Amino acid sequence: DVKVTQSSRYLVKRTGEKVFLECVQDMDHENMFWYRQDPGLGLRLIYFSYDVKMKEKGDIPEGYSVSREKKERFSLILESASTNQTSMYLCASSLPAYEQYFGPGTRLTVT
Amino acid sequence: GESVGLHLPTLSVQEGDNSIINCAYSNSASDYFIWYKQESGKGPQFIIDIRSNMDKRQGQRVTVLLNKTVKHLSLQIAATQPGDSAVYFCAENKAGNQFYFGTGTSLTVIP
């Protein structure tokens with residue numbers, strides 16, 4: 001079974017803090033993704049990566065950055081957290097043009 | 001961005017009945033579609049997929065129908081069970097790495 005794990009299920013941070021969300025997949029997938037999920041808005045793509053050290057902006061990259069130093073790990077970074085970044089963050093991985101497998105999500109609250 | 005929408009935000013069905021969840025997509029160039037199930041507090045789980053060279057695909061108790069003429073996708077769940085209660089959403093892809101997701105339909109199964 002494909003396994004995608006995320007470092008935290010719940011996280012509470014203060015405005016202005018730097019936040020790291022980690023994602024690890026164990027299926028040697030080339031592609032990895034970060035989404036945020038908000039009520040009524042569905043999943044919105046923040047960034048994705050199709051190879052180590054490669055990244056592409058998604059639909060809402062502002063306020064976020066990513067890092068992919070190893071194939072199995074994709075990190076999402078909030079340089080200076082703001083309250084409007086309170087959300088559910090979902091990581092996914094896939095082979096190119098195949099279904100994405102999602103992690104359990106990290107519910108981030110910024111106060 | 002792409003527009004992937006659902007006709008109904010909520011659906012209630014009696015246990016044992018069949019469920020049909022619909023999805024409209026806007027990009028006629030999309031060639032790969034996926035249905036996901038998301039239970040409360042969990043990440044989305046792959047249910048079934050279909051590529052544009054097919055119009056029907058069956059899995060265990062689930063069937064996906066694709067009508068490219070009207071850009072419509074549906075998920076049929078046979079003999080719906082309480083464990084099927086979840087949010088279901090569709091995703092589309094057009095020959096690339098990025099998927100676009102609908103906002104979801106909440107299915108409630110009434111015992």
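Sequence lines set the chain letters: A, B, ... in the order given, protein chains first and strands last, and positions in each chain run from 1. For clarity, every value in this text was computed on a predicted model and none was experimentally measured.
Within residues 40-59 of chain B, the residues having any heavy atom under 4.5 Å from a heavy atom of chain A are, by residue number, B:G41, B:K42, B:G43, B:P44, B:F46, B:D49, B:R51. Within residues 73-86 of chain B, no residue has a heavy atom under 4.5 Å from a heavy atom of chain A.
Looking at A:R107, neither its backbone nor its side chain comes within 4.5 Å of chain B, counting heavy atoms on both sides.
Applying the side-chain hydrogen bond (donor to acceptor under 3.5 Å, both in side chains) test to A:Y47 and every residue at least two apart in sequence or in another chain returns nothing.
Here the two rings, on A:F102 and B:Y36, have centers that are under 6.0 Å apart.
Note on B:L107: it clusters hydrophobically with B:V62, by side-chain heavy-atom contacts below 4.5 Å among ILVMFWY residues. There is no path of hydrophobic side-chain contacts, each under 4.5 Å, that joins A:V24 to A:V4. Following chains of ILVMFWY side-chain contacts shorter than 4.5 Å, one cannot reach A:M54 starting from A:I77, and the two form parts of different hydrophobic clusters. Linking ILVMFWY residues whenever their side-chain heavy atoms come closer than 4.5 Å, directly or via other members, places B:L66 and B:I21 in the same cluster. Hydrophobic clustering of Ile, Leu, Val, Met, Phe, Trp and Tyr side chains at less than 4.5 Å, counting indirect connections, keeps A:Y64 apart from A:F33.
Sorted by first and then second residue, the pairs that involve residues 70-80 of chain A and meet salt bridge (charged side-chain N to carboxylate O under 4.0 Å, His left out), not counting sequence neighbours, are A:K18-A:E79, A:E22-A:R73, A:D28-A:K71.
In this structure, CD on A:Q37 lies 10.5 Å from OG1 on B:T103, to the nearest 0.5 angstrom. Remark: A:L43 CG to B:Y100 OH distance equals 13.5 Å, nearest 0.5 Å. The distance from atom OH of A:Y98 to atom OH of B:Y32, rounded to the nearest 0.5 Å, is 7.5 Å.
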Between B:Q98 and A:D59, is the side chain to side chain contact (heavy atoms under 4.5 Å, CB included) condition met? List the steps. CA-CA 10 Å; B:Q98 189 168 349; A:D59 298 318; 3.7 Å; yes
Could you walk me through whether B:Q38 and A:L90 satisfy the side chain to side chain contact (heavy atoms under 4.5 Å, CB included) test, starting with their C-alpha distance in whole Å, then the side-chain angles of each, then the deciding distance to 0.1 Å, before giving a yes or no? CA-CA 12 Å; B:Q38 188 174 22; A:L90 289 161; 4.2 Å; yes
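Residue-environment remark: CD (B:Q14) exceeds the threshold of 12 foreign heavy atoms within 6.0 Å.
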